[in-house]
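Being a predicted model, the structure only gives us computed values, none of them experimental. Because only heavy atoms are used, hydrogens play no part in the values below, and waters and symmetry mates are left out as well, while side chains stay in.
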Amino acid sequence: MEEEAPIIYGLDFQARSLCAQYGETEMVRFLIGTQSLKSENSIHCVEYDEESVLVSKFVYPHPLGEIWQTNAHPNQADIIGTVHKGQNQKMSATIYKMSPVPTNGQSIDTLDSTSHGQLEAIASLEISDEKEVAKFLWQPNDGNKVVTVSTDSQINLWDFGNEGKVQNSLHSDPLCKIHNQVTAANWSPHHGTNQVAVAMETNLQVVDLRSVNKGSIYNIENAHIEPIRDLDFNPNRQYYMATCGDDGCVKFWDVRNLSSPVLNRHDHYHWVWQVRFNVFHDQLVLSAGSDARVVLTSAASLSSEPFGKLMSDDKDNDDDEDVRSPLADGVITAYEEHEDSVYSVAWSSADSWTFASLSYGGRLLIHRVPRSLKHSILF
C-alpha cells in the first residue's frame, strides 16, 4: 500500500509520553513530555499544517521532574495533566493550565529555542504520603472528573468541575490484595462514563465508580501471559475493548463473553506498549512496540461501520446495486522508521486520518493514513 513520507520532529531528550491536544479541533497538535534525568523536562506542543507542510513547536518547561504520562483535557485545549517523578523519586500527578500557543507558527528551523510558554499548576493530586500515582485519567467527553490510580490499584475520583478546583470525592481500597503492580488503566466512554478498567500485570478488572468498593464488574484473569501494557475501549461499540502487552499481542475482547478474545493479533516482535482505536473510523487501530514498529491494523469485523454498504441509493433497481467489499482484518501497514522502542501513538483530534508516534530516543513521526485506504473507507 502506497505510503506518504512521515514528518519528523526530534527532541534533545528521551521521551515516552504523547497525546493529542484533544481540545484543539482546528489544528493538528500533539503534546510530548520529556523524560530527562539530568536536564529540566518540558512539554513540547508540536503543530502540523498539512497545506504548508509546516511543523512548528512551542515548549513549556516542566520543573516537577521527568514525565511518565501526558494526558490532555478532552475539550479544554489549555488544560493538561501529567504523571511525573521528581527529585524525591515519587510518582505524582499535577494538573496545569497552559499559556496560549502563538498563532503565527514558525518552522522548527527558525523558531527561537528560548521561546517558551508557561505551565501554571492548578491542582496537585496527592493520594497520601506513602502512595504513588500510576495513571491519570480524564473523564471522557466532558472532563469534569479525574481518576488517579495508585501503583497498588487504589482508585481515587476527583471533581474538576468547580473552576478548576479539585476535590477528592471517592476513595477505594486497593482492588487487588496481592502485590501486583498497576500496569495500565483507561476510562470507558460508555455506560454513562462510570466504568474504569485497571490492568495489574496479567490480569484486568473493570469497576463501576459508583460502587467501586463492592468489587469489579468483570475480570479477565491472565488476559495476557505477560504483563498488560495498555488498553483502549472501542469508542463506538460499547462491548469491545483492546489490550496489549509484553507477549507481543494485541487482543480484542467482547466483554459479554470473556472466555477468549474475539480477535488476537501477534504483529509485533517484542513488547507492545500502546494500542489506540481511531475515534471516527474504529476499524483502524494503532499499536506501538519495543520492536521499533508502529502497526496500523484493521479490526473491521468488530467495527461500528457496516459490511457491504450499498453504493446505490436506488432501492428499486436491484441490478444497479453495488456492494462495497468489507475491509479484511489484519495488518494494513507496518511503519519501521523509528530506531528505538516506540512507547506512544496518538490519533489527531483535528484530522482523523493523521496520527503520531513517539520513540524513546525523542523522535516524533507524524503519518497520514494511506490515501487508498482512506478512499476505500469513505467511498
Checking side-chain polar atoms at under 3.5 Å, does [X] have a donor or acceptor matched by the opposite partner on [Y]?
{"X": "T34", "Y": "N41", "result": "yes"}
{"X": "Y60", "Y": "H44", "result": "no"}
{"X": "S287", "Y": "H268", "result": "yes"}
{"X": "D282", "Y": "S304", "result": "yes"}
{"X": "T193", "Y": "Q139", "result": "yes"}

If the threshold is 4.0 Å, N to carboxylate O, is there a salt bridge linking [X] and [Y]?
{"X": "R293", "Y": "E336", "result": "yes"}
{"X": "K90", "Y": "E132", "result": "no"}
{"X": "R29", "Y": "E24", "result": "yes"}
{"X": "D246", "Y": "R229", "result": "yes"}

May I ask you to establish whether R276 and W347 are in a cation-pi arrangement, using a distance under 6.0 Å from NZ or CZ to the six-membered ring centre and at most 45° from the ring axis?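 Geometry flag: not set, cation outside 6.0 Å or 45°.
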If I take atom [atom1] from residue [X] and atom [atom2] from residue [Y], how far apart are they, to the nearest 0.5 angstrom?
{"X": "I80", "Y": "W138", "atom1": "CD1", "atom2": "CH2", "value": "9.5 Å"}
{"X": "E47", "Y": "S56", "atom1": "CD", "atom2": "OG", "value": "4.0 Å"}
{"X": "D267", "Y": "T297", "atom1": "CG", "atom2": "OG1", "value": "5.0 Å"}
{"X": "N222", "Y": "I228", "atom1": "CG", "atom2": "CD1", "value": "9.0 Å"}
{"X": "Q205", "Y": "N219", "atom1": "CD", "atom2": "CG", "value": "4.5 Å"}

May I ask you to check whether [X] and [Y] place their ring centers less than 6.0 Å from one another?
{"X": "F30", "Y": "Y22", "result": "no"}
{"X": "Y240", "Y": "F252", "result": "no"}
{"X": "F355", "Y": "W353", "result": "no"}

Heavy-atom pair of closest approach, residues A72 and A20: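 Heavy atoms of A72 and A20 come nearest at CB-O, 3.5 Å.
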Among all residues two or more places apart in sequence or in another chain, which pass the salt bridge (Lys or Arg N to Asp or Glu O under 4.0 Å) test with K131?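 Only D152 meet the salt bridge (Lys or Arg N to Asp or Glu O under 4.0 Å) criterion with K131.
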Check the pair T243 / W253 against side chain to side chain donor-acceptor pair (under 3.5 Å), numbers first and verdict last. CA-CA 8 Å; T243 59; W253 304 87; 3.0 Å; yes
Are V146 and I95 close enough that some pair of their side-chain heavy atoms sits under 4.5 Å apart?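 Heavy-atom side-chain distance check passes, below 4.5 Å.
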